[in-house]
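Taking it in order: structure first as structure tokens, then the write-up.
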Protein chains: 2
Amino acid sequence: MAKIDEVAKAAGVSISTVSYALSGKRPVSPSTRRRIEAAVRELGYSPNAGARMLAGSRTQIFALTEPLRTDSHAPTHMSFVLATAIAARRHDYDVLLLTDEQASAGMGRVASSGLVDAILVLDVAPDDERVALSRRVSTPTVFIGVPDDHEGLVCVDLDFESAAELAVDRLADAGHTRIGLVGQPEVAYEKSNFPPRLRRASERRAAERGASLTFRASGTRTSHAATSRSAVSEMLASGVTAILIHAADDVHNAVLAELDERGLRVPEDISVVSVAASFDTSALSVPLDVIPLQPEPSCDLAVALAIRSLTDDPPLPGLHLIAPTLIDRGSVAAPRSH
Amino acid sequence: MAKIDEVAKAAGVSISTVSYALSGKRPVSPSTRRRIEAAVRELGYSPNAGARMLAGSRTQIFALTEPLRTDSHAPTHMSFVLATAIAARRHDYDVLLLTDEQASAGMGRVASSGLVDAILVLDVAPDDERVALSRRVSTPTVFIGVPDDHEGLVCVDLDFESAAELAVDRLADAGHTRIGLVGQPEVAYEKSNFPPRLRRASERRAAERGASLTFRASGTRTSHAATSRSAVSEMLASGVTAILIHAADDVHNAVLAELDERGLRVPEDISVVSVAASFDTSALSVPLDVIPLQPEPSCDLAVALAIRSLTDDPPLPGLHLIAPTLIDRGSVAAPRSH
DNA sequence: TTGAAAGCGGTACCAG
DNA sequence: CTGGTACCGCTTTCAA
């Protein structure tokens with residue numbers, strides 16, 4: 001709770017010198033710098049946040065808006081929140097949590113009160129109402145996810161289209177012509193932005209490669225296991241030789257359990273690839289080839305863009321997509337010739 | 001981005017009158033108040049956060065510290081974070097997320113920079129390092145959870161001891177003398193504060209009621225299902241007629257699946273009670289009697305205490321425990337006489 | 001019931 | 001390389 005003038009006195013310098021020594025915005029001789037640093041340490045000085053905001057016009061705070069949708073996968077969601085907070089801290093930013101109260105009023109509030117320097121938008125819906133809001137406020141906004149109408153917005157995300165193509169190609173290259181896609185719960189295809197993107201791109205690519213693609217959603221939250229197992233049954237019955245999974249870990253477990261129960265080995269009898277999984281697929285009963293969905297790259301980039309949008313060289317609006325990578329764990333092989 | 005002096009001019013009053021009209025800390029005549037409110041609306045005025053902090057010395061921000069422990073149950077954790085944020089907003093407070101970077105340095109930082117008015121501590125460990133920190137800083141701190149050494153701290157939590165007693169009594173009253181407790185994963189008994197509290201209290205109460213209590217942890221995150229099912233098997237083998245579950249939803253499912261597979265009906269053949277569940281037990285295949293662990297009461301109280309600790313009548317240090325309630329869903333009956 | 005003005009604790013410009 | 005000081009925008013005493 002010491003103030004800057006006390007530090008100045010203790011170090012025998014002026015207030016401005018202390019300020020500059022701390023911000024580094026002006027050269028300070030090594031000797032005075034040392035004295036100042038010593039004084040800072042002695043007094044446990046830490047600049048007052050409010051004063052800094054007022055004088056500086058940088059708050060060092062980002063808002064993170066997240067709708068409290070009950071259907072979004074909590075562990076995945078949390079990992080994005082954490083990754084964002086950590087990325088922000090690396091750049092000396094704190095994160096203010098906005099849980100989308102009444103119609104994202106929070107966004108307007110923090111923007112117009114100058115509480116935050118930028119806004120990060122998480123868990124984006126296809127028709128997200130925060131899109132309109134972000135266009136109204138002057139506070140720079142970065143979307144982590146891609147809404148349908150993203151004109152003029154800065155959006156960061158995994159390139160789900162490429163991820164889908166990569167996955168389909170992987171199977172097609174191995175010779176598969178009948179592919180099954182076990183997807184997210186139905187609701188995710190309406191409320192979330194990336195499941196439809198991944199599904200459409202998979203279907204498109206499969207067609208391009210001359211393969212058939214059978215899609216099945218993975219039921220509701222409580223019926224994951226049962227729904228996914230019956231989806232697998234149907235797929236097998238229709239001659240599918242390879243399965244793509246875009247779903248939570250429990251669905252993966254259910255699919256693998258079903259295959260196991262039928263005595264089907266991976267990859268000898270059937271190939272399996274996990275797309276955009278946000279958990280560790282090597283911990284499954286059968287390690288799966290995966291194109292991981294990692295929070296870090298997206299969140300790091302989002303933070304970087306937010307910071308850059310505070311400079312005189314702001315990022316261009318548009319999609320900043322992260323290239324997917326495929327991790328080979330040996331769960332893909334050529335289809336059984338029969 | 002309008003400023004207070006513009007509002008004052010527009011309303012034809014002084015700056016101070018605008019300030020008072022908005023804060024309500026001084027009577028303002030209805031007519032001027034109306035003019036001011038109109039001006040505020042016209043200009044879209046919203047007081048600058050930094051200036052307010054500096055002049056007022058209230059930031060209207062709470063810090064929420066959460067360690068990024070990988071073993072804590074994400075959905076439960078998130079529901080506490082959300083409940084806290086919502087409770088805070090109801091009192092015009094925003095929440096700053098501190099993800100326990102290097103040794104809770106964040107707590108010290110936000111405290112000494114005066115960025116927040118109070119600190120809320122989540123996901124408390126028995127030997128939480130944040131306890132020592134909270135004693136060092138002058139910023140009021142409220143723990144949601146009870147660390148081993150909680151002297152002088154303000155702690156809020158469900159009364160897990162009473163919850164355990166309530167659950168055991170429920171079964172004992174029905175005539176059960178052999179009770180099984182399917183608990184959390186092992187790690188939770190070291191890293192988290194409430195599982196041991198619940199376990200100890202259950203054992204104590206069972207002893208008081210002349211019943212035996214067999215405890216089994218529910219394995220690691222990935223082996224929930226298998227471990228819990230074998231736990232149930234062993235318990236049944238040792239003559240248990242009632243099961244207490246203190247675990248996540250998948251463990252509940254596993255236990256019920258195991259019972260079902262053995263042809264045991266609830267409650268005719270075996271009684272089951274869920275303790276401190278943070279999900280809806282009525283959605284299980286068999287609706288279970290439950291003593292719910294709800295985030296809202298704890299988080300609301302924590303926020304209320306934080307606010308009160310900013311007044312001249314701060315809350316007394318100590319445990320603020322929330323009384324548990326039992327919801328009867330018909331999963332308990334008298335043991336089968338054989 | 002209202003106004004004037006002194007801070008709150010920094011930042012950054014203008015001098016030296 | 002260092003000092004003096006005018007703000008930043010609001011809250012709150014002190015006066016009227």
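- Tested against Asp157(B) for a side-chain contact (heavy atoms from CB on, under 4.5 Å), the candidates Leu319(B), Asn193(B), Ile322(B) yield a single pass: Asn193(B).
- Between Lys25(B) and the phosphate of dT11(D), there is no side-chain N or O to OP1/OP2 separation shorter than 4.0 Å.
- Closest heavy-atom contact between Asp300(B) and Ala87(B): OD1-CB, 3.2 Å.
- Across all strands, Ser23(A) comes closer than 4.0 Å to no nucleic acid atom at all (heavy-atom distances).
- Proximity of Ser16(B) to the phosphate of dA4(C): no side-chain N or O atom is located under 4.0 Å from OP1 or OP2.
- Considering only side-chain atoms of Ile4(B), the nucleotide from dT11(C), dT1(C), dC10(D) that sits closest is dC10(D).
- The side chain of Arg52(B) places an N or O atom within less than 4.0 Å of a non-bridging phosphate oxygen (OP1 or OP2) of dT11(D).
- Following rounding to the nearest Å, Arg58(A) (CZ) and dT11(C) (C1') show an atom-to-atom distance of 13 Å.
- Each of dG4(D), dC10(D), dG10(C) was ranked by its minimum atom distance to the side chain of Pro47(B); first place goes to dC10(D).
- Side-chain contact annotation: Ser112(B) with Ser46(A), donor-acceptor N/O pair under 3.5 Å present.
- Distance CG (Leu54(B)) to P (dC8(C)): 9 Å, rounded to an integer number of Å.
- At whole-Å resolution of the value, NZ in Lys3(B) and P in dC10(D) are 8 Å apart.
- Annotation for Arg33(B): atom CZ counts as buried by contact number, over 12 foreign heavy atoms lying within 6.0 Å.
- Within the structure, every side-chain polar atom (N or O) of Arg26(B) is placed at least 4.0 Å from both OP1 and OP2 of dT2(C).
- The CD1-P distance, from Ile15(A) to dC1(D), rounds to 21 Å in whole Å.
- Between Ala51(B) and Tyr20(B), the residue whose closest nucleotide on DNA chain D is further toward the 5' end is Ala51(B).
- Counting to the nearest Å, the P atom of dT12(D) and the CG atom of Leu22(B) are 13 Å from each other.
- Place Val28(B) and Ala55(B) on DNA chain C by their nearest nucleotides, and Val28(B) ends up nearer the 5' end.
- Atom CE of Met1(A) is separated from atom P of dG10(C) by 10 Å (rounded to the nearest Å).
- Phosphate proximity of dT1(C) to Thr32(B): absent, as no side-chain N or O sits under 4.0 Å from OP1 or OP2.
- In this model, the phosphate group of dC10(D) is not approached by any side-chain N or O of Ser19(B) to a distance below 4.0 Å at OP1 or OP2.
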| request: Could you walk me through whether Ser278(B) and Thr76(B) pass side chain to side chain donor-acceptor pair (under 3.5 Å), step by step? | output: CA-CA 6 Å; Ser278(B) 56; Thr76(B) 302; 2.8 Å; yes
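- Here dG3(D) presents its C1' atom at 14 Å from CZ of Arg35(A), a figure rounded to the nearest Å.
- Counting non-hydrogen atoms of neighbouring residues, nucleotides and ligands closer than 6.0 angstrom, the CZ atom of Arg197(B) exceeds 12 such neighbours.
- The side chain of Thr17(A) contributes no N or O atom lying less than 4.0 Å from OP1 or OP2 of dC1(D).
- When rounded to the nearest whole Å, the span between CE of Met53(B) and C1' of dG7(C) equals 18 Å.
- You won't find any donor-acceptor pair under 3.5 Å spanning the side chain of Tyr45(B) and the base of dC10(D), going by distance alone.
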